[in-house]
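What follows is one structure encoded as structure tokens, with my remarks underneath.
In listed order, ligands and their atoms are each counted from 1. The model shown is predicted, which means the values in this text are computed figures rather than measured ones. Numbers here are sequence positions counted from 1.
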Amino acid sequence: MASNPHQEPGLPEIETVGASNGRNGGTYGNGHSEIARVDDNAPYIAFDKVSKSFGNLTVLDNVSFFVKPGETLCILGRSGVGKSVSLQQIMGFLRPDSGKILVAGQNICGYSEEQMQQVRRKVTMVFQNGALFDSLSVGENVAFPLRERRELAEDQIQQIVNGLLDMVGVSGMTELLPSDLSTGMKRSVAIARALSAQPDAILYDEPTTMVDPLIGRLLGDLIQKLKHQLRLTSIVVTHDMRFAERLADRVLFLHQAKAHFFGTMDEMKASDDEILRQFLDLDALVLPKA
Ligand SMILES: Nc1ncnc2c1ncn2[C@@H]1O[C@H](COP(=O)(O)OP(=O)(O)OP(=O)(O)O)[C@@H](O)[C@H]1O
């Protein structure tokens with residue numbers, strides 16, 4: 001086990017004390033007032049000794065980590081180490097075999113599908129392929145979560161959609177279909193759609209995969225902007241160390257089913273742990289510093 005300065009996420013407190021994202025209503029509408037706003041410093045999402053296997057394959061073994069409100073956690077590790085499985089468990093698409101997953105102070109393990117739908121209003125996920133509805137225009141895709149709520153008039157919806165598309169840098173593309181867009185644009189639209197659900201937290205699965213470095217940089221800028229303007233809590237699964245260096249308040253490095261390292265990027269880079277050094281040195285070889 002590498003040095004793990006933040007191994008203990010203070011779970012007794014976060015089980016009982018609700019956490020909010022500390023936002024002041026975001027750019028529009030209210031936040032999620034049903035979440036107790038007791039301690040803004042408590043983790044918004046936490047894993048407490050989570051284990052997950054598929055048959056004989058142990059993917060996660062007693063993994064603990066947390067992300068605090070408004071912070072960005074980057075999950076790093078080699079292919080197949082359980083990064084996406086971690087995100088899918090937060091969304092309730094997969095269930096842990098043991099341990100606890102806390103979202104806004106609530107242990108969501110054992111939640112019904114109906115309860116998970118409530119969680120998914122607070123925590124949304126941006127998939128690699130964007131998961132946009134192919135037959136709907138860009139504008140209709142972004143409007144979808146707003147229309148589902150049945151609370152807003154059409155002109156309000158259009159105003160929000162235009163504002164969100166502008167925010168993610170694809171304004172003027174409202175009428176296009178997803179098939180008209182590049183991979184980077186699809187991801188930006190997917191982020192706009194995720195935002196229209198007014199989440200507290202967004203989970204990003206490999207946001208820079210299959211996009212060129214410039215688009216990767218723009219997506220990084222966007223995630224930063226959302227963090228600073230909306231105080232969104234984020235978890236970003238990435239292979240891209242430079243991306244993680246720009247974004248991460250904390251890093252989780254998964255290795256052989258364990259939380260091999262959990263701490264700040266500076267602590268990770270200063271570590272003399274052999275496994276971490278191999279990962280960082282290999283990255284430096286693949287992506288030489290400019
Ligand atoms: N639903 C599932 N059923 C069975 N095995 C699964 C399932 N989901 C994931 N796995 C396995 O769990 C392991 C971890 O998968 P995961 O997708 O989390 O890896 P990852 O770290 O995100 O990798 P990559 O960086 O390549 O995306 C893999 O061996 C994968 O085949």
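Note that CG of Leu276 and CZ of Phe253 are 5.5 Å apart. Values are rounded to the nearest 0.5 Å.
The nearest heavy-atom contact from the protein to atom 26 (O) of ligand 1 is Ser79 OG, 2.4 Å. Protein heavy atom in closest approach to atom 17 (O) of ligand 1: Ser84 CB, 3.5 Å. Closest to atom 10 (N) of ligand 1 among all protein heavy atoms lies Phe54 CE1, 3.4 Å. Looking only at protein heavy atoms, the nearest one to atom 15 (O) of ligand 1 is Val85 CG2, 3.8 Å. At the top of the distance list for atom 25 (O) of ligand 1, counting protein heavy atoms only, stands Lys83 NZ, 2.8 Å.
Counting heavy atoms from C-beta on, the side chains of Ile160 and Leu152 come closer than 4.5 Å. In this structure the side chain of Leu76 reaches within 4.5 angstrom of the side chain of Met241, judged on heavy atoms.
Close approach to His239 involves these atoms of ligand 1, each under 4.0 Å from a residue heavy atom: 25 (O). Every atom of ligand 1 with a heavy atom of Glu206 under 4.0 Å away is listed here by number and element: 25 (O). Of all the atoms in ligand 1, the ones that sit under 4.0 Å from a non-hydrogen atom of Val81 are 19 (O), 20 (P), 21 (O). In the vicinity of Val59, heavy-atom distances shorter than 4.0 Å reach the ligand 1 atoms 12 (O), 13 (C), 14 (C). Of all the atoms in ligand 1, the ones that sit under 4.0 Å from a non-hydrogen atom of Gly82 are 14 (C), 18 (O), 19 (O), 20 (P), 21 (O).
Residues Leu60 and Gly82 come closest through the heavy atom pair CD2-O, 4.1 Å.
Of the N and O atoms on the side chains of Gln118 and Glu114, not one donor lies less than 3.5 Å from an acceptor on the other residue. For the residue pair Gln89/Ser86, the side-chain donor-acceptor check at 3.5 Å is not satisfied.
With Arg250 contributing its side chain and Cys74 its backbone, the two residues share no donor-acceptor pair below 3.5 Å.
Distance screen at 4.0 Å: atom 30 (C) of ligand 1 has no protein heavy-atom neighbour inside the cut-off. Contact annotation for atom 3 (N) of ligand 1: protein present (non-hydrogen atoms, distance under 4.0 Å).
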Checklist entry - Does the pair Lys227 and Asp249 meet the rule for a salt bridge (charged side-chain N to carboxylate O under 4.0 Å, His left out), with working shown? => result CA-CA 11 Å; Lys227 171 182 167 158; Asp249 294 298; 2.5 Å; yes
Next on the checklist: salt bridge (charged side-chain N to carboxylate O under 4.0 Å, His left out), that's the test. Do Lys122 and Asp200 meet it? Break it down for me.
Outcome noted: CA-CA 5 Å; Lys122 296 181 291 205; Asp200 291 337; over 6 Å; no
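For the pair Leu94 and ligand 1, the shortest N or O to N or O distance does not fall below 3.5 Å. Checking only distances, Gly80 does come within under 3.5 Å of ligand 1, N or O to N or O.
When ring centroids are compared, Phe66 and Phe262 come within the 6.0 Å threshold.
Under 4.0 angstrom from ligand 1, the non-hydrogen atoms of Leu57 all belong to its side chain.
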